[in-house]
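Worksheet for the structure shown next.
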Amino acid sequence: MTVPDIIIAVDGCSSTGKSTFAKLIAKEFSFLYLDSGAMYRGVTLFAMEKGMIEEDVIDETALEAALPSLELHFEHSPQGTNLFWGSRCIEKEIRTMEVSAYVSPISALPFVRAWVDELLHLFSKGGRVVMDGRDIGTSVFPNAELKIFLTASPKVRVKRRYDELISKGQKTSYEEVVKNLSERDYIDSHRSVSPLRKAEDAFVLDNSDMTLHEEIIWLRGLIQGRFGIFE
Ligand code: DC
């Protein structure tokens, strides 16, 4: 299927399967995959390692001053997309529970959002991009040609996140995952700058009971109908 040079925005709450779906779209249509959540996680890791978070308090002044010195970029290969801090691959470190615990307050800071948005625009210059996040369709790329808003039941989301952490060898409990997801949902959807919400022109997909194959079939149908492709 030949898909036009469009930007596809995939938004939704944590653990609704956004990145898995977006990565699959990238593979299926030879698009570039950009993970905006990874960028916020990268900033969080940076703040943690530079000692800017102490006893749950973020030193915003220090972070704002140091942010221009942070060099984050993605490296893409057939095996996947990885986030780098300079020459260091941080893809694994940014997925820990410690980073997850601080990423929502960090991503609520307006100067952090402005910094990430600028980089996302820069990385998307060539087009044919699929990007996942919370505010891609509403704020980062409000003119994206195709917007998808993923949802899944709370039970399914907790199970996905728990299984993901355990499979990566991380120590956590079911209760801890429930707590982290509900806290992040709350902060992400109540912050004053670019809160998580569905764009008016986004197509909603509840994938609680769907396989990835079914999600792609749904997307193909959507693209065919939307762009008049009959292949
Ligand atoms: O998708 P994720 O769980 O890796 O995202 C990590 C955090 O980053 C999430 O709690 C909210 C924030 N985020 C955001 O505010 N805006 C985005 N476009 C993407 C992520």
Side-chain angles (χ1 to χ4, degrees), residues 7-23 25-26 33-48 53 58 63 67 72 74 80-83 90-124 129-142 144 147-152 154 156-158 160-165 168 170 172 176-199 202 207:
I7 289 185
I8 303 178
V10 181
D11 287 305
C13 290
S14 309
S15 300
T16 46
K18 296 184 302 292
S19 66
T20 311
F21 186 44
K23 279 178 198 160
I25 295 174
Y33 167 60
L34 292 177
D35 175 354
S36 66
M39 307 275 300
Y40 290 106
R41 289 173 178 274
V43 174
T44 306
L45 183 72
F46 173 73
M48 286 165 68
I53 305 176
I58 302 164
L63 181 58
L67 209 47
L72 290 184
F74 290 104
T81 298
N82 289 314
L83 185 69
I90 53 170
E91 195 56 40
K92 210 165 165 203
E93 286 111 305
I94 59 171
R95 310 283 165 195
T96 60
M97 279 303 274
E98 291 77 47
V99 170
S100 296
Y102 292 113
V103 65
S104 281
I106 290 277
S107 67
L109 299 171
F111 63 87
V112 172
R113 300 205 73 80
W115 186 85
V116 167
D117 285 3
E118 201 181 317
L119 280 180
L120 289 173
H121 277 267
L122 205 70
F123 295 159
S124 310
V129 171
V130 53
M131 202 176 305
D132 74 331
R134 305 291 186 291
D135 63 337
I136 307 301
T138 51
S139 175
V140 185
F141 282 101
K147 301 178 185 176
I148 297 159
F149 193 83
L150 283 188
T151 64
V156 167
R157 291 173 54 210
V158 170
R160 281 181 187 157
R161 184 78 183 128
Y162 179 79
D163 289 349
E164 184 192 348
L165 288 168
K168 287 179 181 161
Q170 290 191 36
T172 188
E176 204 179 349
V177 173
V178 171
K179 186 169 173 281
N180 177 255
L181 279 187
S182 61
E183 279 173 3
R184 280 164 66 200
D185 280 356
Y186 186 84
I187 301 177
D188 295 347
S189 50
H190 287 82
R191 65 175 174 237
S192 56
V193 189
S194 312
L196 162 73
R197 72 186 157 78
K198 184 187 95 56
N207 63 13

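In listed order, ligands and their atoms are each counted from 1.
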- Can you tell me the protein heavy atom closest to atom 18 (N) of ligand 1 and the distance? Asp135 OD1, 2.8 Å
- ligand 1 to Asp188, heavy atom cutoff 4.0 Å, flagged ligand atoms 9 (C), 10 (O), 11 (C)
- Task: Could you find the nearest protein heavy atom to atom 16 (N) of ligand 1 and give me its residue, atom name and distance?
- Result: Arg113 NH2, 2.9 Å
- Item | salt_bridge(Asp185, Arg161) N-O dist < 4.0 Å | no
- Run the numbers for me: atoms of ligand 1, each under 4.0 Å from some heavy atom of Ser107, listed by number. 11 (C), 12 (C), 15 (O)
- Message: When you compare the side chain of Met39 with that of Phe74, does any pair of heavy atoms fall below 4.5 Å?
- Response: yes
- Task: Just do the side-chain contact (heavy atoms from CB on, under 4.5 Å) check on Val140 and Ser36 with the steps written out, would you?
- Result: CA-CA 10 Å; Val140 185; Ser36 66; over 6 Å; no
- Determine the minimum heavy-atom distance between Ala26 and Val130, stating which atoms define it. CB-CG1, 3.8 Å
- Query: Who's the nearest protein heavy-atom neighbour of atom 5 (O) of ligand 1, and how far?
  - Reply: Arg134 NH2, 3.4 Å
- Closest to atom 3 (O) of ligand 1 among protein heavy atoms sits Arg184 NH2, 2.4 Å
- Message: Return the closest protein heavy atom for atom 19 (C) of ligand 1 as residue, atom name and distance.
- Response: Ser36 OG, 3.3 Å
- Any side-chain heavy-atom pair from Gln170 and Thr96 closer than 4.5 angstrom? yes
- Do me a favour and list the nearest non-hydrogen protein atom to atom 4 (O) of ligand 1 with residue, atom name and distance? Arg41 NE, 2.7 Å
- Is it the case that Arg41 and Ser100 place a side-chain donor and acceptor less than 3.5 Å from each other? yes
- Which atoms from ligand 1 have a heavy atom of Ser104 less than 4.0 Å away? 10 (O)
- Evaluation steps, side-chain contact (heavy atoms from CB on, under 4.5 Å), between Leu83 and Asp35: CA-CA 9 Å; Leu83 185 69; Asp35 175 354; over 6 Å; no
- Query: Considering only heavy atoms, does Arg191 approach ligand 1 within less than 4.0 Å through its side chain, its backbone, both, or neither?
  - Reply: side chain
